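In what follows, chains carry the letters A, B, and so on, assigned in the order in which the sequence lines appear, proteins first and then strands, with residues in each chain numbered from 1. What you are looking at is a predicted structure, and each value in this text was computed from that prediction instead of being measured.
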Number of protein chains: 2
Amino acid sequence: MLEQTIENRMSAIYNVDTSSLSRKQLAMRDREKELLEIARDVVMREGFAQLTMDKVAAASSYSKGTIYNHFNSKEDLIAALAIEALSRELPMFKRSLAFDGSSREKCIAMHAGYFVFSQLEPILSMCAMVSRTPAVTEKSAPERLQKLNELEEIAVSIGDAFIQNGINSGELVLNPGVTSDNVVFANWAMGFGTNALVHNAEHSTCVSRQLNHNIVLQNINFLLDGLGWKPLSTEFDYEQTWARARKELFSEELALLGQEA
Amino acid sequence: MLEQTIENRMSAIYNVDTSSLSRKQLAMRDREKELLEIARDVVMREGFAQLTMDKVAAASSYSKGTIYNHFNSKEDLIAALAIEALSRELPMFKRSLAFDGSSREKCIAMHAGYFVFSQLEPILSMCAMVSRTPAVTEKSAPERLQKLNELEEIAVSIGDAFIQNGINSGELVLNPGVTSDNVVFANWAMGFGTNALVHNAEHSTCVSRQLNHNIVLQNINFLLDGLGWKPLSTEFDYEQTWARARKELFSEELALLGQEA
DNA sequence: ACCTGAACACCGTTCAAGT
DNA sequence: ACCTGAACACCGTTCAAGT
């Protein structure tokens, strides 16, 4: 039932009835995708500081005016890249719900997916982080921010499904006063915080000196142990879960990275 | 012994031998502080998007050229604001080491301090977050980033002192394979992630709907429970610890906020 | 109706001239 | 030696003209 609402909400966003769109609108949608890829490539080659609307226009076959037809400011473009990031992450999260394993293993598979995506698309991931930053929110279109918020809400309902799984199986028992929303938020905060710090490890000696082992999994395990989510990390080998999730759920993404799962 | 090194490192940064500085250098230092405050006020009044070097110059009694004498780019100015944030947070963290309570209570007091500071100085806190963003790191002065890194290292050694406290008291026992660095990092990631998301709660329905209770403390307790740090949150009232830390350690800061501890 | 790119305005950054 | 602010260059944004 809960999964049904996820299905509906995702479908409303992903399976837009193309027949209801005019040819122009379809072309518009394709062009936007094209522009986003160009923007991402500019950042990849030259860095965020070098991302200019001129460069995006020059690298595309369109004029600056047309770019502004899609994005009402540079920050709006970055928010659009964040939307691209989230829309590609959500299906990976959803896939993890069907991962073959305990409720906690499924949850860990989701975090593995988040990490795989951040490696596959570091720039889009960075945009998703930066999109929570005032410089961006102050200048992007309200409709854009609303769409970002909608996707975030879907992410939360998917997150909630993992928690419900745990509760239903009896492997997760919430203390009184703790809601499933709280647990989703805690997972989100830990995932976000860890990935944000790891992303900037190059600038930070104290982070980079622990990158030799799986720090993301370790942090998630600290949290899930704290929730008492059975089996605890002392009772089960979640390194193996992590590796298995990479192989069974995300091998396509990893192949693009040239990494074996 | 460990505390001694913290003392030394902080002293090297905070208690600069003023007699070794020429009058000019002292004036330079004061002016930099003045400029930082002006920049913060511009952001406070008009938002990050409206922060320009012109406005900072106009609001000060100096010319644009002099501003560039201090900060070699706008991003460098933001990094300097991040340094201001960290240098004011570190003494608050250090104060928490002397908090009257168990090793875990001390650690929670530190997180309370982090939260108080983020309320007292939301813009400086935001700068500390944004300073980990490529747009800033790509353009700020290497020496500035190095200073930021030094402060971060001190923060990590202070964090380490909390963990050592726990280990020495026997209230915290690390599982094999877990280092004290890892635990510091986990606390950092959770604190950073939670505060980052809470900061943007206005834009996010799923975060803002849980702001009615102490979500920061809850997340930290999940983590510390996961580390097995005694007494667990089920055995002890850390809400009271949080409140007490506010009163006993941070009442000055809270007074500035006009909040009673 | 939409696309274009010249034009504009703003702002980051520099530097010759001044003290 | 340092400060100044005019000058410059770049880039975000707009809009009259074109199709």
Side-chain angles (χ1 to χ4, degrees), chain A residues 21-32 34-36 38-39 42-43 45-81 127 130 133-144, chain B residues 21-32 34-36 38-39 42-43 45-81 127 130 133-144:
Chain A
L21 294 174
S22 68
R23 189 171 304 148
K24 293 243 163 146
Q25 286 173 306
L26 280 171
M28 188 88 174
R29 215 188 46 173
D30 288 348
R31 196 168 52 194
E32 181 143 332
E34 192 189 333
L35 292 174
L36 289 176
I38 289 171
V42 170
V43 175
R45 277 197 311 273
E46 311 183 35
F48 269 91
Q50 300 301 318
L51 175 65
T52 69
M53 299 303 253
D54 269 292
K55 276 182 191 161
V56 174
S60 77
S61 50
Y62 311 100
S63 70
K64 267 214 267 189
T66 300
I67 311 288
Y68 273 88
N69 230 306
H70 286 270
F71 314 106
N72 69 20
S73 70
K74 183 185 162 180
E75 285 71 24
D76 196 40
L77 166 60
I78 290 174
L81 287 167
C127 286
V130 172
T133 258
V136 173
T137 52
E138 285 168 9
K139 294 200 69 188
S140 34
E143 316 86 60
R144 189 86 61 189
Chain B
L21 294 174
S22 67
R23 189 172 305 149
K24 292 243 164 152
Q25 286 173 305
L26 279 172
M28 187 88 173
R29 214 187 48 173
D30 287 348
R31 197 168 51 194
E32 181 143 330
E34 192 188 333
L35 292 174
L36 289 177
I38 289 172
V42 170
V43 175
R45 277 196 311 272
E46 311 183 35
F48 270 92
Q50 301 300 318
L51 176 64
T52 70
M53 299 303 254
D54 269 293
K55 277 181 192 160
V56 175
S60 77
S61 51
Y62 311 101
S63 69
K64 267 215 268 191
T66 300
I67 311 289
Y68 274 87
N69 230 305
H70 287 270
F71 315 106
N72 69 21
S73 70
K74 183 184 162 178
E75 285 70 23
D76 196 39
L77 167 58
I78 290 175
L81 286 166
C127 287
V130 172
T133 259
V136 173
T137 52
E138 285 168 9
K139 295 200 68 189
S140 33
E143 316 86 60
R144 188 87 59 188

What do the steps show when you test A:L51 against A:V56 for side chain to side chain contact (heavy atoms under 4.5 Å, CB included), and what is the final call?
CA-CA 8 Å; A:L51 175 65; A:V56 174; 3.9 Å; yes
Would you say [X] reaches [N]'s phosphate, i.e. side-chain N/O to OP1/OP2 under 4.0 Å?
X      : N      : result
B:K139 : C:dT13 : yes
A:R31  : C:dC2  : no
A:N69  : C:dC3  : yes

Is the base of C:dT13 touched by the side chain of B:K64 through a donor-acceptor pair closer than 3.5 angstrom?
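By the distance-only test, yes, there is a pair.
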Judged by each residue's nearest nucleotide on DNA chain D, which is more toward the 5′ side, A:N72 or B:M28?
B:M28
Please compare A:Q50 and A:G65 by the position of their nearest nucleotide in DNA chain D and report the one closer to 5'.
A:Q50
Among the candidates [options], find the nucleotide nearest to the side-chain atoms of [X].
X     : options               : value
B:M53 : D:dG12, C:dT4, C:dT13 : C:dT13
B:T66 : C:dT4, D:dC3, D:dC11  : D:dC3
A:T52 : D:dA7, C:dC3, D:dC11  : D:dC11
B:Y68 : D:dC3, C:dG12, D:dT14 : C:dG12

Please assess A:R45 against A:V42 for the test side chain to side chain contact (heavy atoms under 4.5 Å, CB included), listing each intermediate value before the final yes or no.
CA-CA 5 Å; A:R45 277 197 311 273; A:V42 170; 4.2 Å; yes
How close or far is atom [atom2] of [N] from atom [atom1] of [X], stated in whole angstroms?
X     : N      : atom1 : atom2 : value
A:D54 : C:dA7  : CG    : C1'   : 13 Å
A:H70 : C:dC3  : NE2   : C1'   : 11 Å
A:Y62 : D:dT19 : OH    : C1'   : 17 Å
A:K74 : D:dT14 : NZ    : C1'   : 18 Å
A:E75 : D:dT13 : CD    : C1'   : 12 Å
B:E46 : C:dC11 : CD    : P     : 10 Å
A:I67 : D:dG12 : CD1   : P     : 12 Å
A:F71 : D:dC11 : CZ    : P     : 19 Å

Under 4.0 Å between a side-chain nitrogen and a carboxylate oxygen: does that hold for B:D54 and B:K64?
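A salt bridge links B:D54 with B:K64.
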Mind checking who C:dT13 pairs with, Watson-Crick or G-U wobble, both distances under 3.5 Å?
D:dA7
Identify the nucleotide, in any strand shown, that forms a Watson-Crick or G-U wobble pair with D:dA1, with both distances under 3.5 Å; if there is none, say none.
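By the stated definition (distances under 3.5 Å), C:dT19 pairs with D:dA1.
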May I ask you to say what B:L51 touches in the nucleic acid, namely base, sugar-phosphate or nothing, with a heavy-atom cut-off under 4.0 Å?
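Counting heavy atoms under 4.0 Å across all strands, the contact made by B:L51 is with sugar-phosphate only.
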Worked check of side chain to side chain contact (heavy atoms under 4.5 Å, CB included) between B:Y68 and B:S63
CA-CA 9 Å; B:Y68 274 87; B:S63 69; over 6 Å; no
Any non-hydrogen side-chain atom of B:R31 less than 4.5 Å from a side-chain atom of B:H70?
yes
As a quick check of understanding, evaluate side chain to side chain contact (heavy atoms under 4.5 Å, CB included) for A:L35 and A:F71, giving each step before the final call.
CA-CA 10 Å; A:L35 292 174; A:F71 314 106; 4.1 Å; yes
